Amino acid sequence: MRDAEGDDARQGQYADDGQHGRQQSAGSKSFAHGPLRLPAVRTLLLDARSAMASPNRNARSAVVFGRLLGVAFVICFGTGLYSYFLQQPLPGMRFPTQPAQLYQFTQGVHITAGIAIIPLLLAKLNAVMPALVQTPPVRGVLHLLERLSIAVLVASAIVQVVTGLLNTYQWYPWPFPFKQVHNALAYVIIGSLILHIGVKLRVIGRYWRARDSYDEHGRFIADAAVGSELLPPALASEGSDSAPDAAVAQTVTSYPRGVTGRVLRWVDGAPASDSRSTAPDTDAPEPSRASRPTPEATAGRRERVARRGFLAGVTAATVGVVVLTAGQSSKLAEPFNVFGARQRHRGPNDLPVNRTARAAGVLATATAADWVLTVVGPDVTRTFSRAELVALGTTEAELPISCVEGWSQVATWKGVRMRDLLGSVRAVPGSHVRVTSLERHGGYRVMDMGPEYAEDPTTLLALELNGEKLDLDHGFPARIIAPGRPGVLQTKWIEKIEVIA
């Protein structure tokens, strides 16, 4: 590894813009306009790379934001799988019914982590931006495949978080089914993430710790030996077989004159220099060595300030979006719920509504005077009016309604226990149940319930909500409420309950 001074001298974004730099630039340009056109492309890429240079865009920043993104994606993947299998269980799957707030917690974490991914993903993309214009763009078949895998990872991550965010508002401006595509993209992201970590393992290990990434002055240590694509332009060009190509890298070492150059130097953390003359002023008094900061210390301080400012901004953005949306599923954050799709305690029966009776097309059938619930057992079939259901005996339960869109709220439900209702048709213990809604269309008009829910004493055919008769938009005349299940499986406007096994 080379020493810190050598690294600093090679970083093009920190070089002086004196006469020597202009002479190198002129020589390189004349070469670029010769009969060989490839150096012209390299000049363009290196120029773009230099324009993107910043203390925030290095391998250490990429590792920091990458591991935060990795944790967030793994959390979303695990909680998302749990939600998916609750809705589409594999044969033999059984799920815990207690604690009753389990799904409220897992789905709240899923949505919150997914929202936090948005600023973290933008920060990560900002950190790796110079890698977009690396030279040469492709170094072989394996390198091409690596870059394609990163493109797949980035594209799928962007589509996943954008569609997931819009899903919380129940807005679907696309032709494909959200649930199936969301589930498939989760596997694509995790697979691409594992591949990406494997490819970048040396870089991740090298820059995992801050103390190994910066020198004693706070300047980033660019280590070309680990294969990072986020090296300064001059260092990235080392190892080239072409001397003119190496010279091309020097074309991007200069800053413009005047105020613009000073501002760019300050943003990049580069030491100030006077570009008007490369000759030292021998008449000017030289400050004492004790009071004069070294160029290395000055550059390190500016880099450190720039990095900390950027990290503070990303942290504020991430904490902000989490706090301002988590209130839709968390009581503690409820006062700060500014951007959440649902506001708790707002709606009929003091509870938000996702799907109204009008949208479901049940305004007439749900309010019909002759409505009855049909319960089909192995040998016995019975029908119940609402008054007859009440006569069976009712009980109360404190259960959350937790929706896949992320909002949730605990409410007081009153109704007939499911196990008592099944007992009235002589269903055997351990039976699976199928519930059918009055809705004529919709992916959740028919719902299957495993025996763990059917036998739980808190699973109710709800008739009342928060001390009042069930509102029509909340499922009147009767609906299902069970512990630890997604809201889409808490079927409303019940028409029939069948014992299927």
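Not measured: the values here are computed from a predicted model.
Residue pairs that meet the side-chain hydrogen bond (donor to acceptor under 3.5 Å, both in side chains) test with at least one member in residues 154-165, sequence neighbours left out, are Gln160-His182. Residue pairs meeting the salt bridge (charged side-chain N to carboxylate O under 4.0 Å, His left out) criterion with at least one partner in residues 54-79, sequence neighbours excluded, do not occur; the list is empty.
In summary, the aromatic rings of Tyr82 and Phe105 are positioned with their centroids too far apart to meet the 6.0 Å limit.
Of the inter-residue distances, the one linking Leu145 atom CG with His143 atom NE2 reads 10.5 Å to the nearest 0.5 angstrom. To the nearest 0.5 angstrom, Ile75 atom CD1 is 12.5 Å from Thr106 atom OG1. Trp171 contributes atom CH2, which lies 10.0 Å from atom CG of Leu165 (distance to the nearest 0.5 angstrom). Put simply, CG on Asn126 and CG on Leu121 are 11.5 Å apart, with the number rounded to the nearest 0.5 Å. Atom-to-atom distance recorded for Thr458:OG1 and Trp413:CH2 is 12.5 Å, nearest 0.5 angstrom. Rounded to the nearest 0.5 Å, atoms CG (Leu90) and OH (Tyr84) are 8.5 Å apart.
Counting only heavy atoms from C-beta outward, the side chains of Tyr214 and Arg304 never approach each other to under 4.5 Å. For the pair Tyr172 and Leu166, the minimum side-chain heavy-atom distance is 4.5 Å or more. Side-chain contact check for Thr325 versus Thr112: every heavy-atom pair is 4.5 Å or farther apart.
Between the side chain of Glu405 and the main chain of Tyr169, no donor-acceptor pair closer than 3.5 Å is present. Not a single donor-acceptor pair under 3.5 Å links the side chain of Arg206 to the backbone N or O of Ala59. In this structure, the side chain of His474 does not engage the main chain of Leu465 through any donor-acceptor pair within 3.5 Å. Formation of a donor-acceptor pair under 3.5 Å by the Ser61 side chain with backbone atoms of Asn56 is found in this model. Side chain of Asp473 to main chain of Thr356: no donor-acceptor pair is present (N/O by atom type, distance under 3.5 Å, no hydrogens or angles). Judged by distance alone, the side chain of Lys492 and the main-chain N or O of Arg355 form a donor-acceptor pair under 3.5 Å. A donor-acceptor pair under 3.5 Å is absent between the side-chain atoms of Arg485 and the main chain of Tyr103, judged by distance alone. Gln409 places no side-chain N or O within donor-acceptor distance of the main-chain N or O of Leu351, the cut-off being under 3.5 Å. A donor-acceptor distance shorter than 3.5 angstrom exists from the side chain of Asp215 to the backbone of Gly218, with no hydrogens or angles considered. At least one donor-acceptor pair under 3.5 Å links the side chain of Gln107 to the backbone N or O of Val404.
Nearest heavy-atom pair across Met447 and Leu489 is CE-O, 3.2 Å. Of all the heavy atoms in Val410 and Glu398, the pair that sits closest is CG1-OE1, 3.9 Å. Here the shortest heavy-atom pairing between Val321 and Ala116 reads CG2-CA, 4.5 Å. Between Leu230 and Ala131, the closest heavy-atom pair is CD2-N, 3.8 Å. What you find for Gly484 and Leu86 is that their closest heavy atoms are O-CD1, 4.0 Å. Of all heavy-atom pairs between Ser402 and Gln104, the closest is OG-CB, 3.3 Å.
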Give the table of side-chain donor-acceptor pairs shorter than 3.5 Å for residues 193-205, with sequence neighbours excluded, one pair per line with atom names and distance.
residue: Lys200; atom: NZ; partner: Glu146; partner atom: OE2; Å: 3.0
residue: Arg202; atom: NH2; partner: Ala225; partner atom: O; Å: 2.7

Take Asp223 and Tyr207, measure what side-chain contact (heavy atoms from CB on, under 4.5 Å) needs, and give me the verdict at the end. CA-CA 10 Å; Asp223 188 352; Tyr207 293 108; 3.3 Å; yes
In sequence, state the C-alpha distance, the side-chain angles, and the governing distance for Leu122 and Phe65, and then conclude on side-chain contact (heavy atoms from CB on, under 4.5 Å). CA-CA 10 Å; Leu122 292 175; Phe65 293 121; over 6 Å; no
Derivation of the side-chain contact (heavy atoms from CB on, under 4.5 Å) call for Trp407 and Asn354: CA-CA 10 Å; Trp407 72 269; Asn354 253 19; 2.9 Å; yes
Between Ile111 and Ser329, does the side-chain contact (heavy atoms from CB on, under 4.5 Å) criterion hold? Intermediate values first, please. CA-CA 9 Å; Ile111 298 298; Ser329 60; over 6 Å; no
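The side chain to side chain donor-acceptor pair (under 3.5 Å) check on Ser228 picks up nothing, with sequence neighbours excluded. Under the rule for a side chain to side chain donor-acceptor pair (under 3.5 Å), the partners of Gln87 that lie at least two apart in sequence or sit in another chain are Ser83, Tyr444. Here Asn337 pairs with Gln328, Gln343 under the side chain to side chain contact (heavy atoms under 4.5 Å, CB included) rule; sequence neighbours left out.
Between Trp174 and Phe176, the angle of the ring planes stays under 30°, which puts this pair in the parallel group of the 30/60° scheme.
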